[in-house]
Amino acid sequence: MISYYAYNLNPVTYEYLGFVDGATVGQYVDTSLIVQFPYTFNSEISDTSLSNFQMQYQLHKLETYDAYGTLITPFGTFDNVIRQKVVQLKNIFGEGGTGYIWFRSNPFQIIISGNFENQFVYFWKDVTNLSINSVSSPIFTVYPNPQLRLCNSVQ
């Protein structure tokens, strides 16, 4: 199954708008703020968003720019990477926990994210900017290979 995630990146914010996962559509009525610019080391963002996924619910989280440097992955080495710690309070589904997002600083985009308490990791590859005429690659890689547990792929 192929999933699509929609974001809005502008000079002031980087926001999560929603997703399509097969026949399931999730949309934020009040968008989920990921970054507010200017974004500097130790910046904290407290955000409450409102989603209509399955039923309307609020998501409360605290995001902190807590590290900067080089990220080495099986897919390559990335310089000038920002790490953001995301602490999500429990929502009505009982979901919550601590996760991390690593951003490439130029061009600004997500490289990898995950909630390691729930044992999931997402790799972003060939992000397509819909404001220009470009095509993303359908090729992706799973790591570790072989995967021993359930693995959700996002393209």
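Side chains are part of it too, since the values below use all heavy atoms of this structure and drop only hydrogens, waters and symmetry mates.
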**Student:** Are F41 and I34 in one and the same hydrophobic cluster, where Ile, Leu, Val, Met, Phe, Trp and Tyr link if side-chain heavy atoms are under 4.5 Å apart?
**Tutor:** yes
**Student:** Hey, is the main chain of Y28 close enough, under 3.5 Å, to the side chain of T31 for a donor-acceptor pair?
**Tutor:** no
**Student:** With no hydrogens and no angle check, just 3.5 Å: does a side-chain donor-acceptor pair link K61 and S49?
**Tutor:** no
**Student:** So, taking the atom named CD in E63 and the one named OG in S43, what distance separates them when rounded to the nearest 0.5 Å?
**Tutor:** 11.5 Å
**Student:** Would you give the length of the straight line joining atom CD of E44 to atom CD of Q36, rounded to the nearest 0.5 angstrom?
**Tutor:** 13.0 Å
**Student:** Pair I110, Y7 - check side-chain contact (heavy atoms from CB on, under 4.5 Å), show working.
**Tutor:** CA-CA 11 Å; I110 297 173; Y7 297 90; 4.2 Å; yes
**Student:** Should Y68 and I101 be counted in the same cluster of Ile, Leu, Val, Met, Phe, Trp and Tyr side chains packed under 4.5 Å apart?
**Tutor:** yes
**Student:** Quick one: pull up CD1 in I111 and CZ in R83 and give me the separation to the nearest 0.5 Å.
**Tutor:** 13.5 Å
**Student:** Kindly state whether the ring of Y14 and the ring of F108 have centres lying under 6.0 angstrom apart.
**Tutor:** yes
**Student:** I need the D79 CG to R104 CZ distance, nearest 0.5 Å.
**Tutor:** 10.0 Å
**Student:** Looking just at side-chain N and O atoms, do N8 and Y16 make a donor-acceptor pair shorter than 3.5 Å?
**Tutor:** no
**Student:** Where is the tightest heavy-atom contact between L33 and V35, given as atom of each residue plus distance?
**Tutor:** CD1-O, 3.3 Å
**Student:** Hey, can you tell me if F37 and Y39 have their rings parallel, tilted or perpendicular (30° and 60° cut-offs)?
**Tutor:** perpendicular
**Student:** Can you tell which of F103, W102, Y65, Y100 makes a side chain to side chain contact (heavy atoms under 4.5 Å, CB included) with Q84?
**Tutor:** F103
**Student:** Search all heavy atoms of T13 against all heavy atoms of N10 and return the closest pair with its distance.
**Tutor:** N-OD1, 2.8 Å
**Student:** Within this structure, what is the CG-CD1 distance for the pair L71 and I82, rounded to the nearest 0.5 Å?
**Tutor:** 12.0 Å
